[in-house]
Student: 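The following block contains the structure, expressed as structure tokens.
In what follows, every chain begins at residue 1, and chains take the letters A, B, ... in the order their sequences are listed.
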Amino acid sequence: MPSLREQHVMARYNVKETEARWQSRWAQDGCFEVEADPAKPKYYVLEMFPYPSGRIHMGHVRNYTLGDVVARYKTARGFNVLHPMGWDAFGLPAENAAIERGVHPHKWTHENIDAMREQLKGMGLSYDWRREVATCDPSYYRHEQKMFLDFVKAGLAYRKESWVNWDPVENTVLANEQVIDGKGWRSGAPVEKRKLNQWFLKITQYAEDLLGALDGLEGRWPDKVRLMQHNWIGRSEGARVRFQLVGRDDSLEVFTTRPDTLFGASFCAVSANHPLAAEMAEGNEELQAFIAECNRMGTSEADIETAEKRGYRTTLEVEHPFVPGKTLPVYVANFVLMEYGTGAIFGCPAHDQRDLDFARKYDLPVLPVVLPPETDPATVTVADEAYTGPGKIFNSDFLDGMDIEAAKSEVAGRLETIGRGERTTTWRLRDWGVSRQRYWGCPVPMIHCESCGVVPVPEDQLPVELPEDVEFDSPGNPLDRHPTWKHTACPSCGGEARRETDTFDTFFESSWYFARFTDAQGEIAFDRDAADYWLPVDQYIGGVEHAVLHLLYARFFTRALRDCGYLSIAEPFAGLVTQGMVCHETYRADGRWLYPDEITKTDGGDWVTVDGGKPVTVGRVEKMSKSKRNTVDPANIIGSYGADTARLFMLSDSPPERDLEWTEAGVDGAWRYINRVWREITECPTALPAAGTPKPAELSAEAETVYRACHKTILAVADSIERFRFNSAVAQVRELSNQIFSLAGTGAGEAWVLRFGFETLVRLMAPMTPHLCEELWRQLGHDSMLATAAWPEADASLAENDTVTIAIQVNGKLRATIEMAKDSSKDAMIEQALEQPNVIKLLEGKSPRKVIAVPNKIVNVVA
RNA sequence: GGCCCCGUGGCGGAACUGGUAGACGCACGCGACUUAAAAUCGCGAGCCUUCGGGCGUGAGGGUUCGAGUCCCUCCGGGGCCA
């Protein structure tokens with residue numbers, strides 16, 4: 001005979017056993033395996049697939065929990081829900097592991113995938129695992145090689161020599177989007193400029209469309225992300241101006257967004273990489289040195305802005321197009337980018353801060369040409385701040401008196417008339433450089449032949465697979481060093497030729513994986529019917545750090561695939577949610593960071609180290625990171641509390657887009673709640689009627705209240721989930737459970753309402769804590785599975801009370817509340833309000849000056 | 001420097017379109033159960049108060065019968081672009 005205590009322990013919720021059992025039931029029954037079915041409405045939920053580092057972290061747990069709630073909820077709402085998972089499996093960490101530990105990237109990656117798959121399965125996520133893909137498998141990347149060849153044919157991919165960002169740590173080229181503040185986005189190393197032959201994808205061809213289509217995403221994408229893409233694409237309208245070079249036949253073409261300030265120009269400047277700079281540098285060591293120095297500088301605008309503005313004055317001069325006899329000196333300057341506009345500018349120091357800094361340094365004239373409002377032209381001066389605000393043009397001949405916009409237009413028109421320039425639009429967005437000098441990526445399917453040039457690998461020879469036998473013992477690209485791999489025959493002339501040894505940027509793979517999931521095992525990239533049915537992704541969820549990387553590339557790629565006949569859509573992600581970071585307090589002792597499990601609290605409430613009892617300084621809450629050691633391993637949490645606890649906590653404390661602070665207390669709270677629900681339902685002392693018993697005619701007042709609360713909550717939780725307010729959904733569920741659990745179960749119909757309440761609760765919580773709910777559903781006597789069950793029906797008439805509470809204000813301050821029948825007339829409301837003792841008192845016998853009544857809400861008496 | 005977002009109890013956060021601020025939870029306090037503790041359950045709680053009430057959503061002003069919510073200025077934090 002077990003003791004009471006043992007009985008209690010036995011009866012308690014057995015998380016491990018329960019979660020494992022339902023996970024295998026779901027898998028066995030194929031609950032989450034779906035097929036395209038035109039008869040059913042579809043819903044595609046996708047979380048950004050992970051890089052297989054080997055272990056999931058809390059960011060993953062949050063991301064996938066959010067997606068899983070949506071997937072399970074949408075399934076319950078009758079949608080045919082596609083919810084897949086895969087692996088963004090190419091990338092540098094695998095190569096680094098090979099270098100550091102001698103493990104082959106292939107082996108390392110696949111072992112990591114196996115480990116992470118198990119961890120994800122332990123979270124109880126509703127994935128259709130049959131659709132799993134790993135981007136490093138030839139069965140995946142072969143399609144990407146074909147796409148690339150099609151892009152080449154369509155003129156969407158091309159090879160050119162250009163100045164590129166070189167990451168000296170990763171030993172590879174980076175795209176512009178991958179350089180943050182002049183540093184490699186992953187390595188953090190300052191990037192250098194190198195001139196290399198690279199493959200580019202013509203994302204700029206879609207600049208206008210990528211920008212314009214952002215409007216169509218309003219409301220479904222965070223404004224923040226749309227704004228970031230808007231800024232990144234960076235459309236600017238302006239004009240090209242061709243300045244005649246003095247004493248030469250050619251001219252210098254500059255781009256400006258401020259043609260209205262042309263009369264204030266006092267110099268021209270070209271980029272260090274401008275052809276004119278190279279020409280002038282011939283035989284000029286001083287200029288050569290200056291150009292070399294410019295190339296060492298960071299490439300980002302922020303770098304350029306903070307660096308000292310410097311220039312080298314060449315012997316060249318240009319003629320002002322509208323002022324006969326006026327010439328401007330030409331500088332080579334470190335703040336002019338070859339990649340932007342034409343690589344040359346004219347400087348108007350009075351109205352541009354950079355130009356002003358430059359002019360002051362080199363003692364160039366500063367002529368104001370925009371007169372700020374209510375300023376006397378006779379006294380206007382420019383000190384050390386350029387004026388960029390509105391005003392009237394002056395000191396500018398035919399532009400005098402115009403406003404800025406009119407002047408821009410007038411200058412452009414006159415330039416066009418005299419053939420010295422024209423209106424034009426430029427973009428900040430650059431073409432996407434996709435060549436990487438690394439091994440663990442998709443090989444670029446191209447062959448270099450001495451006589452035929454660059455030749456595509458014939459389609460029947462795809463995929464070009466990575467060789468397995470590679471050495472990582474010296475720096476550089478192992479493909480390039482491989483003894484045989486790159487030697488091949490030219491498909492065109494049959495002569496000796498060399499394979500391209502660069503591989504694709506790994507953002508290539510993630511630019512189309514969402515479409516591959518619609519038919520993940522197919523022989524062709526996408527089955528058109530499956531893709532047309534499932535796409536676009538209805539709800540995409542991931543980190544905001546990809547706002548202008550992955551998300552922009554994927555939008556471009558989808559358009560390119562559409563134009564090459566692969567897909568029918570332009571926008572891959574109809575809805576987007578960007579989740580915040582998972583944060584944690586930081587701890588340190590003796591100047592060393594400590595993991596949360598290395599510290600403990602003393603009786604006095606102070607934090608000390610577990611071994612040694614040294615005092616611990618508690619630091620600010622920061623994003624979980626290995627370097628700060630403020631990480632909590634999800635495996636430990638799931639191991640001790642279970643997946644449902646981890647999931648519930650991820651949802652309950654903060655709305656998804658905000659940062660979430662992981663706290664022990666919070667996890668405990670979630671854990672306690674799960675056990676409370678378990679206990680209240682499985683140990684309910686009231687004998688419940690059998691499942692499916694019809695509602696009794698009589699309900700006690702308490703039972704009626706709880707019954708109505710259930711209907712109310714069904715609607716409220718659905719609304720919260722639809723709006724991504726999962727924290728509110730959790731609060732509503734808890735509120736309902738507080739009501740249900742305090743129902744005595746003794747009055748008329750109360751046993752029936754208890755069952756109804758339990759069932760409602762379990763069904764509402766099922767998307768959030770699926771294992772617990774599945775188990776309780778079974779305990780409540782059901783054979784069906786909640787994973788595939790419909791969302792509970794709410795009776796809207798029951799969700800609303802017959803009476804409402806009306807707030808009574810006097811002069812805007814709450815003085816009383818009254819219960820009234822719903823939809824009572826304004827007159828009735830006012831009549832009742834004026835009878836309130838508090839109102840009578842405050843009116844002091846006077847009649848109110850004004851009374852406002854809002855039906856079902858409020859009466860405000862103005863005394 | 002420009003643009004955008006955010007600022008609510010001790011803490012995380014509720015409050016959809018202006019209409020009872022602080023739901024729900026965490027931490028806390030008191031009580032019950034217990035030899036005791038843990039667990040659990042119940043109750044309390046924005047601040048001040050002369051117990052009438054007064055004050056409260058970063059600060060100041062404005063619009064309104066009524067402002068956390070709308071407008072202006074400023075402060076603080078974050079992001080993007082320069």
Side-chain angles (χ1 to χ4, degrees), chain A residues 4-5 8-9 12 180-181 222-234 236 300-306 335 337 340 352-354 385-386 388-389 428 544-545 547-548 578 580-581 583 585 605 620-621 623 648-649 651-655 657-673 675-676 679-680 683 713 716-717 719-720 722-739 741-742 804-818 838 841-842 848-863:
Chain A
L4 273 176
R5 187 188 152 78
H8 185 66
V9 168
R12 274 181 77 180
I180 316 286
D181 290 337
D223 290 346
K224 185 173 61 170
V225 175
R226 292 190 307 122
L227 181 69
M228 279 163 75
Q229 293 213 355
H230 183 97
N231 289 339
W232 187 265
I233 294 167
S236 52
S300 78
E301 282 88 346
D303 268 354
I304 285 158
E305 198 60 29
T306 46
F335 64 90
L337 278 176
Y340 189 75
D352 182 284
Q353 194 59 44
R354 284 193 303 205
E385 254 186 63
T388 55
R428 222 182 76 91
V544 73
E545 64 273 19
V548 285
T578 52
M581 300 180 294
C583 303
E585 272 184 334
R620 35 181 282 193
V621 175
K623 179 187 180 173
L648 184 61
F649 178 60
L651 298 168
S652 42
D653 259 31
S654 299
E657 62 279 7
R658 237 188 270 191
D659 288 352
L660 174 101
E661 188 190 345
W662 182 273
T663 59
E664 272 305 306
V667 182
D668 278 337
W671 164 248
R672 279 203 304 269
Y673 181 65
N675 279 285
R676 178 171 175 224
R679 224 182 314 108
E680 292 281 358
E683 296 172 17
T713 308
V717 170
D719 184 57
S720 293
E722 301 271 5
R723 293 191 299 131
F724 268 84
R725 311 310 298 261
F726 302 126
N727 55 330
S728 295
V730 172
Q732 285 145 359
V733 162
R734 293 184 88 128
E735 208 170 351
L736 177 65
S737 59
N738 287 342
Q739 287 195 59
F741 298 155
S742 52
V804 287
T805 310
I806 307 290
I808 309 297
Q809 297 182 336
V810 177
N811 291 333
K813 285 192 173 146
L814 184 72
R815 296 301 174 184
T817 57
I818 53 175
N838 246 341
K841 195 175 80 184
L842 284 154
R849 284 200 292 149
K850 194 174 175 185
V851 184
I852 292 102
V854 181
N856 298 326
K857 290 230 165 97
I858 201 165
V859 177
N860 189 9
V861 180
V862 185

Student: When you measure from the side chain of N231(A), which nucleotide among U20(B), C80(B), A82(B) comes out closest?
Tutor: C80(B)
Student: How far, in whole Å, is A45(B) from G29(B) if one measures between their C1' atoms?
Tutor: 8 Å
Student: Rounded to the nearest 0.5 Å, what separates atom CD in E680(A) from atom OG in S742(A)?
Tutor: 9.0 Å
Student: Measuring to OP1 and OP2 of C41(B), would you say a side-chain N or O of R676(A) lies under 4.0 angstrom away?
Tutor: yes
Student: Would you confirm whether N727(A), through its side chain, and D653(A), through its main-chain N or O, come within 3.5 Å as a donor-acceptor pair?
Tutor: no
Student: Between G12(B) atom C1' and L648(A) atom CG, what is the distance in whole Å?
Tutor: 14 Å
Student: Measure from CG on L227(A) to P on C3(B) and round the result to the nearest Å.
Tutor: 12 Å
Student: Identify whether any heavy atom of N738(A) sits under 4.0 Å from a base atom; if not, whether one sits that close to sugar-phosphate; answer base, sugar-phosphate or nothing.
Tutor: sugar-phosphate
Student: Pull up the glycosidic torsion of G77(B) and say syn or anti, syn being anything within 90° of 0.
Tutor: anti
Student: Can you find a pair of side-chain heavy atoms, one from E735(A) and one from T713(A), that are under 4.5 Å apart?
Tutor: no
Student: With side chains defined as the heavy atoms from C-beta onward, is the minimum distance between V851(A) and V862(A) less than 4.5 Å?
Tutor: no
Student: Distance check needed: G79(B) P versus E657(A) CD, whole Å only.
Tutor: 17 Å
Student: Of T817(A) and E661(A), whose closest RNA chain B nucleotide lies nearer the 5' terminus?
Tutor: E661(A)
Student: Whole Å only: how far is the CG atom of L660(A) from the P atom of C11(B)?
Tutor: 18 Å
Student: Any idea if G44(B) is syn or anti, going by the 90°-from-0 cut?
Tutor: anti
Student: In this structure, how many angstroms lie between the P atom of G12(B) and the CG atom of D668(A), rounded?
Tutor: 19 Å
Student: Going from CD1 on I806(A) to CG on N856(A), what distance comes out if it is rounded to the nearest 0.5 angstrom?
Tutor: 5.5 Å
Student: Taking all non-hydrogen atoms of both residues, which atom of P222(A) and which atom of T578(A) are closest, and how far apart?
Tutor: CG-OG1, 3.8 Å
Student: From C-beta outward on R672(A), which listed nucleotide comes closest to its side chain: C81(B), A27(B), U20(B)?
Tutor: A27(B)
Student: Take the protein atom CG of L842(A) and the nucleotide atom P of G53(B), then report the distance between them rounded to whole Å.
Tutor: 9 Å
Student: For A716(A) and Q732(A), which heavy atoms make the closest approach, and how far apart are they?
Tutor: O-OE1, 3.4 Å
Student: What distance separates L651(A) CG from L660(A) CG, expressed to the nearest 0.5 Å?
Tutor: 9.5 Å
Student: Ignoring backbone atoms, establish whether K224(A) has a side-chain N or O less than 4.0 Å from OP1 or OP2 of C5(B).
Tutor: no
Student: Expressed in angstrom and rounded to an integer, what is the separation of F726(A) atom CZ from A23(B) atom P?
Tutor: 23 Å
Student: Is the side chain of N860(A) donor-acceptor paired with the backbone N or O of I852(A) at a distance under 3.5 Å, no angle test?
Tutor: no
Student: What's the closest nucleotide to the R679(A) side chain, out of G25(B), C81(B), U40(B)?
Tutor: U40(B)
Student: If the P atom of C4(B) is compared with that of C70(B), how far apart are they to the nearest Å?
Tutor: 14 Å
Student: Considering only the P atoms, how many Å lie between A21(B) and A36(B), rounded to the nearest integer?
Tutor: 45 Å
Student: Do the side-chain N or O atoms of R226(A) get closer than 4.0 angstrom to the phosphate oxygens (OP1, OP2) of G79(B)?
Tutor: no
Student: Between G25(B) and U17(B), how many Å separate the two C1' atoms, rounded to a whole number?
Tutor: 28 Å
Student: I'd like the P distance from G7(B) over to U57(B), given in whole Å.
Tutor: 13 Å
Student: Rounding to the closest angstrom, what is the interatomic distance between U69(B) and G18(B) at atom P?
Tutor: 12 Å
Student: Where along nucleotides 13-19 of chain B does protein come under 4.0 Å, by heavy atom, of base (B) or sugar-phosphate alone (S), with - for untouched nucleotides?
Tutor: SSSS--B
Student: I want to confirm an ordering. Mapping N811(A) and A731(A) to their closest nucleotides on RNA chain B, which one lands closer to the 5' end?
Tutor: A731(A)
Student: Specify the separation, in whole Å, of atom CG of D223(A) and atom P of G79(B).
Tutor: 19 Å
Student: In this structure, is the centre-to-centre distance between the rings of F649(A) and W671(A) below 6.0 Å?
Tutor: no
Student: Got a second to check how far L648(A)'s CG is from F726(A)'s CZ, nearest 0.5 Å?
Tutor: 13.0 Å
Student: Using a cut-off of 4.0 Å on non-hydrogen atoms, how would the nucleic acid contact of T805(A) be classed: base, sugar-phosphate, or nothing?
Tutor: base
Student: Output a table of nitrogen or oxygen pairs between the protein and nucleotides 54-60 of chain B separated by less than 3.5 Å.
Tutor:
{"unit_1": "G54(B)", "atom_1": "OP1", "unit_2": "R815(A)", "atom_2": "NH2", "d": "3.4"}
{"unit_1": "G54(B)", "atom_1": "OP2", "unit_2": "R815(A)", "atom_2": "NH1", "d": "3.3"}
{"unit_1": "C55(B)", "atom_1": "OP2", "unit_2": "K813(A)", "atom_2": "NZ", "d": "3.3"}

Student: Can you give the dot-bracket line for RNA chain B, where a pair is Watson-Crick or G-U wobble with both atom distances under 3.5 Å, crossing pairs use [ ], and | marks a partner on another strand?
Tutor: (((((((..(((......[....))).(((((.......))))).(((....)))..(((((..]....)))))))))))).
Student: Could you verify whether a donor N or O on one side chain and an acceptor N or O on the other, from Y673(A) and S737(A), lie under 3.5 Å apart?
Tutor: yes
Student: Can you measure from CG (N231(A)) to CZ (R428(A)) and round to the nearest 0.5 angstrom?
Tutor: 8.0 Å
Student: Please state the C1' separation for the pair C24(B) and U8(B) - nearest whole angstrom.
Tutor: 15 Å
Student: Within this structure, what is the CG-CG distance for the pair N838(A) and L842(A), rounded to the nearest 0.5 Å?
Tutor: 6.0 Å
Student: What integer number of Å spans the P atoms of C26(B) and U34(B)?
Tutor: 25 Å
